[in-house]
Amino acid sequence: METIVCIVQTEGDGSLAKAALEAVACAKELAAGLTAQFAVGLLGETVQPGADALANCGASAFFAVSGAAFAQARYATDAAAVTALAKAAGATIVLGAATSRLARVMPGAATRLGGVSDASVTAVAAAGGKPVVTRWYYRQRMFAELTRDARPWVVTIAPGCFAAYAGAGGSAAVTGVTPELAAGGARTTVTRIISPSGEQQTIRPDAKLLFVAGAGWTKKQSDGAAHAGEAEKLILNFLNKSKASLGTSKSLIDLSGEGQQVMSFLTHMHQVGQTGATPRHPKGLATCCHGEEPHVVGWRFIGERRAVNLDANCGWAQGKADVLYVADAFKVMAKVIELMG
Amino acid sequence: MTDTERASMDADIVCVGFGPAMGGFLTTLTRGLVAEDGSLLAESKVMPGAPPQIICYERADDTCFGVSGVVSRARAITASFPDFDPAQVPMAAKVAQEKVVYLLDPRGASRRQGVLRFKDTLLRAAGPLLPAGGEDAVELPYIPPFLRKEPGYVFSIGQFNQWVGAQVMGTGLAQIWPAMPAAGALIEDGKVVGVRLADQGVDKKGNPEAAYMPGMDIKAALTVVGDGPAGPVGRGLDQALGLPPGNFQYDWALGMKMVVDLPSSCDLPEGFVLHTFGYPEPDIFGFLYVLPGRVASLGVFVPSWLRAPARTGYRYLQHFITHPYLYKHLKGGRMRSWGAKSLLEAGRRGEPRLAGDGFARIGEGSGTTNVLTGSGVDEAWASGVLLAEGVLELYKADKPFTKENLDAAYVARRRASTLDQEARVAEKARDGFSQGFVQGLAGMTLTGFTKGKYNLSGRHRPPHENVPSIEEYYAGMIPAEEIKAVRARCEAAGESLHDALMDRAGWPKIEYDGQLLVSHQDALLLGGKVQAAPGYADHVAFVDRDTCNNCNTKICIEMCSGQAITTNPEGGVPLFDREKCVHCGACIWNCSKPRPRDRNRSNVDFNAGAGGLHSAEN
Amino acid sequence: MSDGYQIVVCGGIVPDPLQTLEPVHGPAGWGLKNELMLPAILDPWSGHALYEAANLAKAAAGSKVWLVSMGPKAKLQQVMMTVAQKAAFELIALDAPAGGFTEAGDVAAALAEAIEAIPGLDKSRLLLFGGWQSASRGAGATMQIVGEKLGVVDQFQGVDKLTIEDGGVLRVLERVEGGSYQESTVSGPPALFGWATGELPEPPNNPQVGMANMRLVMPALQKAKPVQLAQPAFGSVQLPCQKRETRIVKDTPVEAIAREIVDWINA
């Protein structure tokens, strides 16, 4: 009989973010499939609001590690906390969202528990009474279904794969857990979060649309000149109006190393594809992209896909996009911005 | 930064280019350096007490660079590896069945001489009675002995090179450094004293940038040049020293190939070898070899004696694949690799100075390709073996690598070898092609059956002199006015003139299936990787701007295998994108204009550049 | 730091990411079709870790860099011929499959054991570097487990920047959600850094660095210890089949296209 614990991190005010609620939904589903119980393990400075929000989720118990020391996303304290929560729940399966905070510690916690781990799992099922997970390999090029006999089994769930738990809140009784910190205590101090402000904020994980800018934006256009400055303005303008998230291709990022005109706001963090991210958004619009990375790998988890490209034969858009507009992206995007008002 | 800050390093032997010739050289040399009792035959002059420091620099990112069929009798290779087991080398198999097939033109778009058209008509009339008749192809009932590859092997040159490289490196006696292009030989007082590596941290024009690192000078008593026919070290030496009197490197071909996963419906057996001629143009030869794992290696050769100025290797390859005789086996297949390479088809007549003070030449760039048998890999390997034997002899005798000693130990050995004897037979085999396809075939047959005693003669001139203008070529078929209009339309739309002209000349459009038949750009992306490390100068340069400005043929663009050379929207000098170049070298000989101050050479320079490895399977 | 750091970089090899990859099941479990034929490279994020390590070692006198790498010996040798030209390091080679289907825990255990065996290892000077995820398994787990096994509990993942401040304090930028960075400080070694892209360009190939490295690379390869790795119980490994019917819109006025896109975005 499996015992599941779902680890959820709380935000500064004690609430739960979408990724945490998705993990709870996953735990609920798996517990139902395995006819097992699941507990919730909360981690954060303040935990009661989060626990209350889950009061009616069906969890058999609520455990929590809380206090100022756990306000920070820090390996030493978080790994100890996850380990303690899993032990307190007597868990054979430990679930958590693959947020930057939990992804940093879950495999390490698995080691402390003497267990095994799988990361960025996209689906969980109960097959013949056994849990089976789906995860991707080789940068989202192939996927596998696998199961394990070893326990505890620590699994992080990729964000965006489950519908967030949205049940009514209530009042939850939380059992406090005190983790045992490794010798030497916490030597790391989180000093601040550096976020791009205003117009620079172009990575929006919760956006409905991913806008992918390809290298074509910086290439010479029909008048024989490159218009990177104009491209930059168009893209930023569109992102501001649409509140889309920005992705780009490796080739566009790499151009910066070649001394070519590039767009000032692009960083490696915008890169989608092989050596970049594979974000999840309901819609994706690729512009001036030609190649496998943006269309195949970068788009792996994009719902509806459209592309604007001058090449009608672009084999990467064909078969990968739902609609391919054969047109000049400069003109199309200028008009799109105008129409958006 | 001045030259005084250029670093220098000493080695005993420095080699450039890791291909089959260097494989043969390093395999033989590293084995021969160790005596039976385990002692070393020689010790390093630059690092006393250590074995000779033997360093090989390879431009491509890995030791698996190479584009070739390959089908080979592999006599020299199997002499080096008497227990050669093709199962050891991925994608290698024994030749099991051979066919030579004449492909008729089912589209009526190719340029065929009158006599050929007449023959085609007869063949079609006799179709049902002939082998493979009625399918626009005729299987030759007999394969001349000089074309036979049995007993031999089909394999992937990339995989073979990788296999050899691992074994050479495993001896610990030689180092093969990939991703390190050599810019040219260091010549002092007429002697080669080593090589200079390419500058890094420079802009496209070669100007130093922040991360500038001048290419290091690697000095060595012996420089072994095996960087192929497009290699900048070998070609630089040819410029500096000139070719031996009477020799010339006018004949070339572009080989373009794919490695294809065969459809389940294809029943061609492993080890099957097919050679074709006659289509898409009569003088374009084609091949298809079946490798292990239901994979085929197939491709075409577009020769420099093809007079058509509107030519594109990729489109010809697609027309070849879709010829009914082949397509019945290939339909439903999937391309997994794509590659291209220029072949120096001058053979022995293109032989450069094989040795001089401090250097020796091996491989294709040294004229090893046998133009009668159409074989080059094993011949290149043999030349490496011969040089290694000579070097070992000089090491044993503790003699320096002077011209005199290398002539005696290497060149004389090569002259006495089967390699050279067969190259002499083949020397004039293809001369007839300069007169026309039928004459070319007749010439090859005559040379082959008389073992080179009798040959058809031909005209020898640089490839750019073979090419008529587009208007001349299409005279009688497309009016000059129409060509003008098509040119204007293509320029305005940024489309390929050559494609438009081929369409107009009756070549059918290729229907893409997204797997085997895809756009050229998709082939580059599907069939491997296209990238080059940053920080190197553009290695393709257009020498004289006015010459490009006045050129409206621009075969360089259409024959660029990697689509790295493109039309400049501002007109004139084409653009070059280093990251797309697969280093096939087609631009060297597909430029139809001589450079102003050296009419023997075209207007394109091909220098040292990094990258170009497209697929390890080619 | 007066004696410098001992920087140990963990970096495996992966097939060049631009090659076509296909899973196959063989006698040794799941792997890639033609795995040994595919050109291999140093795992990209480990590569960044190595360049950052070399850069840090140059800046902190007395530092030394080790590269602990696991892969089939012949492939490792091939990859090292490129990597060894880029940065000075001492190689510790482990002979094992390089594929993504192997257990992160097994890989980590072997790496930790090899690191423990480094003569003169001083954990008070130890900085463990690696990629935050591999391009094969992509779990982002191996480095954490290595750290756990070596008792290193100051760990950072998705690192793009590491600076050494006065007094030896290490200041770290880690990637977090939404294109933001979490900035932390740690008082000094031992610490572990799973690198993302970092800030350094790929170093040029330097033949002198290569020659110097080779004196240790070849012996390390000869000594490479074989490692047995297990795989999880895979039910299946598949390529996704996501062919879509693409509607191609061409020869259409820009305004009509833009209108259609706006309607679609707003739908």
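Here is how names work: the chains are called A, B, and so on, in the same order as the sequence lines, proteins then strands, and each is numbered from 1. Predicted, not measured: the structure shown is a model, and the values here were computed from it.
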Tell me, with the steps shown, if Phe211(A) and Ile265(C) meet side chain to side chain contact (heavy atoms under 4.5 Å, CB included).
-> CA-CA 11 Å; Phe211(A) 179 82; Ile265(C) 290 172; over 6 Å; no
Quick check for you: among [options], which has the greatest number of heavy-atom pairs under 4.5 Å with chain C?
{"options": "Arg112(A), His270(A), Met106(A)", "result": "Arg112(A)"}
{"options": "Thr77(A), Val332(A), Val326(A)", "result": "Val326(A)"}
{"options": "Arg306(A), Glu145(A), Arg139(A), His268(A)", "result": "Arg306(A)"}
{"options": "Thr188(A), Thr111(A), Val336(A)", "result": "Thr188(A)"}

Can you say whether [X] sits under 4.5 Å from chain C via the side chain, the backbone, both, or neither, judging by heavy atoms?
{"X": "Glu338(A)", "value": "neither"}
{"X": "Ser100(A)", "value": "both"}
{"X": "Leu209(A)", "value": "side chain"}
{"X": "Val132(A)", "value": "neither"}
{"X": "Ala76(A)", "value": "both"}
{"X": "Val190(A)", "value": "both"}
{"X": "Ala73(A)", "value": "both"}
{"X": "Ser117(A)", "value": "side chain"}
{"X": "Val121(A)", "value": "neither"}
{"X": "Phe330(A)", "value": "neither"}
{"X": "Thr99(A)", "value": "both"}
{"X": "Lys331(A)", "value": "both"}

Just do the salt bridge (Lys or Arg N to Asp or Glu O under 4.0 Å) check on Arg141(A) and Glu22(C) with the steps written out, would you?
-> CA-CA 9 Å; Arg141(A) 284 190 166 215; Glu22(C) 217 176 298; over 6 Å; no
For the pair Phe156(C) and Tyr75(A), evaluate ring pair (Phe, Tyr, Trp, His ring centres under 6.0 Å) and give the outcome as yes or no after the intermediate values.
-> CA-CA 7 Å; Phe156(C) 306 89; Tyr75(A) 186 89; 8.8 Å; no
Sub-3.5 Å donor-acceptor pair from the side chain of Gln144(C) to the main-chain atoms of Arg104(A), do we have one?
->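 Yes, because the side chain of Gln144(C) sits within donor-acceptor range (under 3.5 Å) of the backbone of Arg104(A).
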For the side chain of Arg135(A) and the backbone of Arg137(C), is there at least one donor-acceptor N/O pair under 3.5 Å apart?
->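 Checked: pair present.
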Which heavy atom of [X] sits nearest to which heavy atom of [Y], and what is that distance?
{"X": "Thr191(A)", "Y": "Ser184(C)", "value": "OG1-N, 3.8 Å"}
{"X": "Pro107(A)", "Y": "Gly140(C)", "value": "CG-O, 3.9 Å"}
{"X": "Gly179(C)", "Y": "Pro196(A)", "value": "O-CD, 3.5 Å"}
{"X": "Pro15(C)", "Y": "Tyr138(A)", "value": "CD-CE2, 3.9 Å"}

Heavy-atom contacts under 4.5 Å, residues 37-45 of chain C to chain A |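 The list, in residue order, reads Pro44(C), Trp45(C).
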Check the pair Arg74(A), Gln182(C) against side chain to side chain contact (heavy atoms under 4.5 Å, CB included), reporting the backbone distance first and the verdict last.
-> CA-CA 10 Å; Arg74(A) 166 175 55 193; Gln182(C) 173 167 296; 5.8 Å; no
Do [X] and [Y] have side chains that get closer than 4.5 Å, going by heavy atoms?
{"X": "Thr246(C)", "Y": "Lys320(A)", "answer": "no"}
{"X": "Val254(C)", "Y": "Asp328(A)", "answer": "no"}
{"X": "Ile261(C)", "Y": "Leu285(A)", "answer": "yes"}
{"X": "Glu177(C)", "Y": "Arg101(A)", "answer": "no"}
{"X": "Leu32(C)", "Y": "Tyr137(A)", "answer": "no"}
{"X": "Phe143(A)", "Y": "Ser236(C)", "answer": "no"}
{"X": "Val323(A)", "Y": "Val249(C)", "answer": "yes"}
{"X": "Met340(A)", "Y": "Val262(C)", "answer": "yes"}

Would you mind telling me which of [options] has the largest number of heavy-atom pairs within less than 4.5 Å of chain A?
{"options": "Val152(C), Val146(C), Val153(C)", "value": "Val153(C)"}
{"options": "Ala141(C), Ser134(C), Gly178(C), Gly138(C)", "value": "Gly178(C)"}
{"options": "Ala139(C), Ala191(C), Ala135(C), Gly188(C)", "value": "Ala135(C)"}
{"options": "Met143(C), Glu174(C), Glu202(C)", "value": "Glu174(C)"}

Under a 4.5 Å heavy-atom cut-off, does chain A meet the side chain of Ala230(C), its backbone, both or neither?
->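 For Ala230(C), no heavy atom lies under 4.5 Å from chain A.
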Counting only heavy atoms closer than 4.5 Å, note whether Gln238(C) contacts chain A via side chain, backbone, both or neither.
->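 Answer is both: backbone and side chain atoms of Gln238(C) are under 4.5 Å from chain A.
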Above 12 or not: heavy atoms from other molecules or residues under 6.0 Å from [atom1] of [X]?
{"X": "Glu165(C)", "atom1": "CD", "result": "yes"}
{"X": "Glu113(C)", "atom1": "CD", "result": "no"}
{"X": "Lys123(C)", "atom1": "NZ", "result": "yes"}
{"X": "Glu255(C)", "atom1": "CD", "result": "no"}
{"X": "Asp149(A)", "atom1": "CG", "result": "no"}

Distance, nearest 0.5 Å, that separates [atom1] of [X] from [atom2] of [Y]:
{"X": "Lys335(A)", "Y": "Arg259(C)", "atom1": "NZ", "atom2": "CZ", "answer": "9.0 Å"}
{"X": "Leu310(A)", "Y": "Lys250(C)", "atom1": "CG", "atom2": "NZ", "answer": "12.0 Å"}
{"X": "Phe101(C)", "Y": "Met142(A)", "atom1": "CZ", "atom2": "CE", "answer": "5.0 Å"}
{"X": "Thr267(A)", "Y": "Glu199(C)", "atom1": "OG1", "atom2": "CD", "answer": "11.0 Å"}
{"X": "Asp154(C)", "Y": "Arg187(A)", "atom1": "CG", "atom2": "CZ", "answer": "4.5 Å"}

Among side-chain atoms of Tyr325(A) and Glu260(C), is any donor-acceptor pair under 3.5 angstrom?
->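 Indeed, the side chains of Tyr325(A) and Glu260(C) share at least one donor-acceptor pair under 3.5 Å.
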Please lay out, stage by stage, how Trp264(C) and Lys283(A) fare under the test side chain to side chain contact (heavy atoms under 4.5 Å, CB included).
-> CA-CA 9 Å; Trp264(C) 169 67; Lys283(A) 293 175 186 173; 3.7 Å; yes
Should Arg148(A) and Glu103(C) count as an ion pair when the cut-off is N to O under 4.0 Å?
->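 Salt bridge between Arg148(A) and Glu103(C), a charged N being under 4.0 Å from a carboxylate O: yes.
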